[in-house]
Structure formats: structure tokens, C-alpha cells
Amino acid sequence: GTCYENCRFDAINEGYEIDPFLCEGCGVCAYVCPEDAIRMEDVLSGYSLKSSTAYGKMVHGELNPGEETSGKLVTELKGKARSIAKKEEANLIIVDGSPGTGCPVIASLADVDLALVVTEPTKSGLSDLKRVIGLSENFDIKPAVVINKYDLNAEMVREIESFAGENGIPVLGKIPYDSKVTEAMMQGKSVVKYSENGATQEIKKIWGEVTSLLG
């Protein structure tokens, strides 16, 4: 019964059967079992892929249905990106992190020079922003903020700017709500190539600020 008592995900029932949909594969059950009755096995959860785009090489992951992303996958993708960058003598790697502060985000932030935190002017957006800022500062990573769809809630924009100012965090730009962004996605194009106005102008300005911060 040691496995049942120690499974924090409730993936083992009282009959000592493991529910594969609840199991996170942490291995605690196998570690604590005094009879070595549990064996951990590798499972194919997805693939790491390399693509060429008009803007350079891209390394990305494709997960099988129902599989969750993990820090291990992010770390593997970043390692492959470094190898490509070294081979092609590229001096910049951009890591697109997932929302929140979970394992994939921690892996995304590892060994980076700048954390560009994109938020939206909502209460939940500000709450998530504070958590990510705290995480980045815990790793001694310089943070900066971008407010997306800023024109939807002026009061929350002021709260976000106030928080950033009190903590010495630069706000690099405020992207307006722009239907051209959705249109560009539907066309499979970059918004900066699809339209010259609205969000594109601010995105280009933000990119200039980012490159300036990175030196």
C-alpha cells in the first residue's frame, strides 16, 4: 500500500491499479515500493521537430493527443536550438514560453538573458504577470513587460504600469487590439508582413526596444 499512500496525483486506487490518465509518470510509486513490484517504462509522448522559415530556423515540439508538455521537452528543444545557432553562427535564440509558472515555463526561462512578459489588461493578467516576474527575478533574469490589447481596459493598464514602475521593470510597449492580427493568422502570415498599421507598428517599436536591452 506504500504506492497508494504516496501518489500525490491519486492515480492509484485502493485495489492498487494505476490509472494511466491520472498518472504523471513521476516514478514515486516505483521508488517507494519495497517489493519492486512497479516498473517504469518509456512512453513516446511526442516529437521534436526542426523547420526552416523565412525568418530562420525553428525548433518546435509536436505532442501526441492527450499528452502534456513538460520541462524536459522544452529543455531538449532549447538544446537543439543552441546546436543550430552555434553551427550557423547565429547570436540570438528566441524562446516562446507557455503561460503560467509551471515546469515548461521554468525550463523556458533557464539560461536566458531577458524575459519579455506579455500580459493583457485584466485582473488575471496582472496576477499572472506578478507570478512570472517573481519567477524570473528568482533566477536573476532581467524582466520587461509588454501589454497586449491595451486599449480594452485603461484602468488595468494603469495598474500594470504602476506595478512595473514600482518594481523598476520597463514597459517596452502597448499593442492595440487589431483585427488584422486574426486575419493574418487565418492567412498563415506574420502580422508584420500582412499589415503595416496598428499592431505592426507597435510590434516593430517593441522589437527595437528588445534589441536595445539585449545590447
Side-chain angles (χ1 to χ4, degrees), residues 1-88 90 92-120 124-125 127-141 143 185-186 188 190:
T2 315
C3 56
Y4 172 76
E5 295 169 359
N6 284 273
C7 181
R8 61 178 296 186
F9 301 105
D10 296 323
I12 303 175
N13 61 29
E14 293 181 357
Y16 309 117
E17 296 172 323
I18 298 175
D19 185 337
F21 297 104
L22 294 178
C23 177
E24 291 287 330
C26 68
V28 165
C29 55
Y31 179 77
V32 300
C33 180
E35 299 296 329
D36 294 327
I38 302 173
R39 181 179 68 253
M40 300 300 295
E41 294 183 351
D42 291 334
V43 175
L44 180 64
S45 58
Y47 305 87
S48 61
L49 306 168
K50 292 183 288 185
S51 301
S52 295
T53 77
Y55 307 97
K57 294 292 192 299
M58 182 172 72
V59 183
H60 51 109
E62 180 177 308
L63 292 170
N64 292 334
E67 296 289 347
E68 296 185 11
T69 184
S70 71
K72 287 184 178 180
L73 176 61
V74 175
T75 300
E76 180 179 349
L77 296 177
K78 288 174 66 177
K80 291 187 176 182
R82 288 192 191 94
S83 297
I84 293 173
K86 184 176 181 180
K87 181 179 179 181
E88 300 196 358
L92 178 65
I93 297 174
I94 300 174
V95 181
D96 181 21
S98 55
T101 55
C103 186
V105 178
I106 294 172
S108 297
L109 286 172
D111 301 320
V112 303
D113 299 303
L114 174 69
L116 182 63
V117 187
V118 181
T119 188
E120 293 187 356
S124 61
S127 175
D128 289 346
L129 171 67
K130 290 178 178 179
R131 292 168 61 203
V132 177
I133 292 295
L135 183 62
S136 63
E137 291 179 340
N138 185 62
F139 287 107
D140 199 26
I141 297 168
M185 288 192 297
M186 293 172 65
S190 163

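When reading the values below, keep in mind they use all heavy atoms of this one structure, side chains included, and skip hydrogens, waters and symmetry mates. Bear in mind the structure is a predicted one, so any value in this text is a computation, not a measurement.
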Check your understanding: Under the salt bridge (charged side-chain N to carboxylate O under 4.0 Å, His left out) test, which residues partner E41, sequence neighbours left out?
Key -> R39
Exercise for review: Taking all non-hydrogen atoms of both residues into account, name the closest pair between P99 and V105 and its distance.
Suggested key: O-CG2, 3.6 Å
Practice item. Taking salt bridge (charged side-chain N to carboxylate O under 4.0 Å, His left out) as the test, write out the residues that go with K50, two or more places apart. Key: none
Considering only distance and modelled atom types, tabulate donor-acceptor pairs under 3.5 Å from the side chains of residues 14-23, sequence neighbours left out.
residue : atom : partner : partner atom : Å
E17     : OE1  : N13     : ND2          : 3.2
D19     : OD1  : F21     : N            : 2.9

Exercise for review: Could you tell me which non-hydrogen atom of I141 sits nearest to which non-hydrogen atom of L109, and how far apart they are?
Suggested key: CD1-O, 3.0 Å
Exercise for review: Could you grab the distance from atom CD1 of I84 to atom CE of M58, nearest 0.5 Å is fine?
Suggested key: 11.0 Å
Exercise for review: Would you mind reporting whether C29 and I12 have side-chain heavy atoms less than 4.5 Å apart?
Suggested key: yes
Check your understanding: Residues two or more places apart in sequence or in another chain: which of them pass salt bridge (charged side-chain N to carboxylate O under 4.0 Å, His left out) with K57?
Key -> E88
Revision key, fill the gap. On a heavy-atom basis, the closest approach of A11 and C7 is N-SG, 3.3 Å
**Study point:** Nearest-0.5 Å distance, CG of residue L63 to OG of residue S48
**Key:** 10.5 Å
**Study point:** For E137, salt bridge (charged side-chain N to carboxylate O under 4.0 Å, His left out) partners two or more places apart
**Key:** none
Review point. Between L77 and H60, which heavy-atom pair has the shortest distance, and what is it?
Key: CD2-O, 3.6 Å
Check your understanding: To the nearest 0.5 Å, how far apart are CG in D96 and CG in L116?
Key -> 10.5 Å
Point to revise | Side-chain donor or acceptor of T119 paired with backbone N/O of G125 under 3.5 Å | key: yes
Practice item. Apply side chain to side chain contact (heavy atoms under 4.5 Å, CB included) to the pair I38 and C3, showing each step before the final yes or no. Key: CA-CA 9 Å; I38 302 173; C3 56; 3.9 Å; yes
Check your understanding: For V132 and G100, which heavy atoms make the closest approach, and how far apart are they?
Key -> CG2-O, 3.5 Å
Practice item. State the SG-CZ distance between C26 and F9, to the nearest 0.5 angstrom. Key: 5.0 Å
Review point. Which residues pass the side chain to side chain donor-acceptor pair (under 3.5 Å) test with T101, sequence neighbours left out?
Key: R131
Check your understanding: Could you give the distance from CG (N138) to CD1 (I133), rounded to the nearest 0.5 Å?
Key -> 12.5 Å
**Study point:** G25 versus M40, closest heavy-atom pair with distance
**Key:** O-CE, 3.9 Å
Exercise for review: Say whether, by atom type as modelled, one donor and one acceptor occur between the side chain of K78 and the main chain of A107 under 3.5 angstrom.
Suggested key: yes
Exercise for review: For the pair D111 and F139, evaluate side chain to side chain contact (heavy atoms under 4.5 Å, CB included) and give the outcome as yes or no after the intermediate values.
Suggested key: CA-CA 9 Å; D111 301 320; F139 287 107; over 6 Å; no
Review point. Should we count OH of Y31 as having more than 12 external heavy atoms under 6.0 Å?
Key: no
Review point. Taking it one step at a time, do K80 and E76 satisfy salt bridge (Lys or Arg N to Asp or Glu O under 4.0 Å)?
Key: CA-CA 6 Å; K80 291 187 176 182; E76 180 179 349; 3.7 Å; yes
